[in-house]
Amino acid sequence: MEDDEITDAGFSLEPAQVVHAPRIAECFMNLECRLEWYLPIYPESRWCTLLARVLHVAVDEKVMVAEPEERSRRMGLMYNMRGNVHPLTGEYYGPNTLGLLARIVKIFPDK
């Protein structure tokens with residue numbers, strides 16, 4: 001409990017602008033949010049669905065470019081898809097997947 005995992009990993013803390021929690025200074029984007037509500041996905045689940053309202057966004061100027069493909073490349077966004085959980089029983093199925101976002105697909109044509 002005494003270990004500080006953030007500084008042990010080489011990161012530094014900075015104060016948030018709106019919420020009463022620190023931000024990690026080295027992150028290219030920080031979203032300061034307020035929890036609105038949360039609900040377990042099934043009775044007595046340790047997993048829940050939540051809704052948070054973004055109150056403040058801090059973004060490094062180096063990743064703020066107009067083209068989505070270049071912005072995604074600069075951010076190096078990752079995803080962590082957990083295996084599915086049946087919402088009524090809590091039964092797990094499907095693989096856990098970790099990867100980098102590598103392709104942008106436009107779902108609305110340019111006008």
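A quick note: this is a predicted structure, and the numbers were derived from the prediction, not measured. Side chains included, hydrogens not; waters and symmetry mates left out as well; all remaining heavy atoms used.
- Residues Val65 and Arg74 form a side-chain contact, since some pair of their non-hydrogen atoms from C-beta on lies under 4.5 Å apart.
- Interatomic distance, Tyr79 OH to Leu98 CG, rounded to the nearest 0.5 Å: 7.5 Å.
- Residues Leu101 and Met78 fall into different hydrophobic clusters, defined by Ile, Leu, Val, Met, Phe, Trp and Tyr side chains chained together at heavy-atom separations under 4.5 Å.
- For Thr97, there are no side chain to side chain donor-acceptor pair (under 3.5 Å) partners two or more places apart in sequence or in a different chain.
- With sequence neighbours left out, the salt bridge (Lys or Arg N to Asp or Glu O under 4.0 Å) criterion links Arg71 to no other residue.
- Note on residues 6-18: pairs passing salt bridge (Lys or Arg N to Asp or Glu O under 4.0 Å), not counting sequence neighbours, are Glu14-Arg23.
- Residues Val19, Leu55 make up the rest of the hydrophobic cluster containing Val18, defined by ILVMFWY side-chain heavy atoms closer than 4.5 Å, directly or through other members.
- By the side-chain contact (heavy atoms from CB on, under 4.5 Å) test, Ile24 is found to be paired with Ile6, Phe11, Leu13, Glu26, Cys27, residues two or more places apart in sequence or in another chain being considered.
- Annotation for Ile107: hydrophobic cluster partners, listed by chain and number, are Phe108 (ILVMFWY side-chain heavy atoms under 4.5 Å, direct or chained).
- Take Asp60 and apply the side-chain contact (heavy atoms from CB on, under 4.5 Å) test, not counting sequence neighbours, and it matches Phe28, Lys62.
- Taking Gln17 as the reference, nothing meets the side chain to side chain donor-acceptor pair (under 3.5 Å) condition, with sequence neighbours excluded.
- Under a hydrophobic-cluster definition in which Ile, Leu, Val, Met, Phe, Trp and Tyr are linked whenever side-chain heavy atoms come within less than 4.5 Å, directly or via other members, Met29 and Met64 are assigned to the same cluster.
- By the side chain to side chain donor-acceptor pair (under 3.5 Å) test, Asn80 pairs with no residue at all, sequence neighbours left out.
- Not a single salt bridge (Lys or Arg N to Asp or Glu O under 4.0 Å) links Glu69 to another residue, sequence neighbours left out.
- Within a 6.0 Å radius of OH in Tyr93, more than 12 heavy atoms belonging to other residues, nucleotides or ligands are found.
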Check residues 41-50 and write down every donor-acceptor pair under 3.5 Å in which the side-chain atom is one partner and the other belongs to a residue at least two apart or another chain.
unit_1	atom_1	unit_2	atom_2	d
Ser45	OG	Trp47	N	2.8
Ser45	OG	Trp47	O	2.8
Trp47	NE1	Tyr92	OH	2.6

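- Legend: residues meeting salt bridge (Lys or Arg N to Asp or Glu O under 4.0 Å) with Glu36, ordered by chain and number and at least two apart, are Arg34, Arg53.
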